[in-house]
Amino acid sequence: MTQRTVLVVLFDGVQSLDVSGPVEVFAGAETYAPGTYRIRTASLDGAPVRGSSGLTLVPDGPLDAAPRPHTLLVPGGQGTRRPDPRLRDWVRAHGPRAHRLVSVCTGAILLAEAGLLDGRRATTHWAYCAKLARDHPAVEVDPDPVYVRDGHVATSAGVTAGIDLALALVEEDLGRDAALAVARHLVVFLRRPGNQAQFSAQLAAQTAQREPLRDVQQWITEHPGADLTVEALAARARLSPRHFARAFRTETGMTPGRYVDRVRLEHARRLLEDTADGVEEISRASGYGTPEAMRRAFLKALGTAPAEYRRRFRPATTP
């Protein structure tokens, strides 16, 4: 069995959860299948670092003495915004030598500063996607997914998305059973698909300023199976369809149709994950009408059919 060295880069201002989340995943996989992962942490000089929350992290040693990694993981945090030039240079020199190059949260900014994301698709924490795209136009920044894979480079969104990505990597290395065992131990879902949006529909959209539009947003969330056409929603807001559609987009940042699509998809996903209801019943309850319509929506948004989504992401029942 191949042992994979996972090297986590530490620096002052690192986000501690970006470190501990993936480390716990790989450590759990090592417990499940001994001899599969060797986890090491390293800082520039081997000295302890102070995280952005004030926690002190003690590395195993200096970066220059670290073993060549199979997986090089660069976490995020305040320290990536103005990184030490020596750290940037080390990542630039050693990143290409790793079999797998991974960033969590704003660790993608450090990879971009090192020139390792040029010509690649990547993501980062939603609050820094615009900065990443502006400062590094050679990077194709996708602000929506939880994580993105582009060849041997994987980038993830903020904080807990690092756990989702680490679980995906464990599944790639050891299979679904191993990743599921780790997820159960950590009491997390196995696993959010990478192309799932960083935000739920309610969080992704702004809250409308006017009360009638806020009420409509809440109505959509509570009644995904109802008639949610623009005409029906406009009548509920007591506005003309044209005025309603324009006002909704202005105040929420997305069209009524896109908002409805996201709410229905999330509702269907929750039912697939949390209930034993059949696909036909779920498609009606979520407003799709037919299983085929729901299947098309899932394939378009998540790249997987509802039945496969349930098989992969519904927590197994504990005996």
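On a predicted model such as this, the values are computed, not experimentally measured, just so you know.
- A donor atom on one side chain and an acceptor atom on the other are found under 3.5 Å apart for Tyr37 and Asp173.
- Using a 4.5 Å cut-off on side-chain heavy atoms (C-beta onward), Leu174 and Arg4 make contact.
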Got a list of side-chain donor-acceptor pairs under 3.5 Å for residues 66-74, not counting sequence neighbours?
| residue | atom | partner | partner atom | Å |
| --- | --- | --- | --- | --- |
| Arg68 | NE | Arg97 | O | 3.3 |
| Arg68 | NH2 | Arg97 | O | 3.2 |
| Thr71 | OG1 | Arg100 | NE | 3.2 |
| Thr71 | OG1 | Arg100 | NH2 | 3.1 |

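- Met294 places a side-chain heavy atom less than 4.5 Å from the side chain of Ile282.
- A donor and an acceptor atom, one from each side chain of Arg264 and Tyr288, are nowhere located under 3.5 Å apart.
- A salt bridge links Asp142 to Arg121: one of the charged nitrogens lies within less than 4.0 Å of a carboxylate oxygen.
- Side chains of Pro96 and Leu116 form a contact here, defined as non-hydrogen atoms less than 4.5 Å apart.
- Between Thr36 and Ala29 the shortest heavy-atom distance is OG1-O, 3.8 Å.
- By the 4.5 Å heavy-atom criterion applied to side chains, His136 and Lys131 are not counted as neighbours.
- Salt-bridge formation is not detected for the pair Arg262/Glu266: no Lys NZ or Arg NE/NH1/NH2 atom is positioned less than 4.0 Å from an Asp or Glu carboxylate oxygen.
- With Leu63 as the fixed residue, the side-chain contact (heavy atoms from CB on, under 4.5 Å) test singles out one of Thr41, Leu87, Leu10: Leu87.
- Each side-chain hydrogen bond (donor to acceptor under 3.5 Å, both in side chains) pair with one or both residues in residues 77-89, not counting sequence neighbours, appears once here: Asp45-Arg86, Thr80-Thr106, Arg81-Tyr128, Asp84-Arg86, Asp89-Arg92.
- No salt bridge links Glu251 with Arg246; every basic N to acidic carboxylate O contact stays at or beyond 4.0 Å.
- Residue His185 qualifies as open at atom NE2: its count of foreign heavy atoms under 6.0 Å is 12 or below.
- Atom CD of Glu231 is surrounded by more than 12 heavy atoms from other residues, nucleotides or ligands within 6.0 Å.
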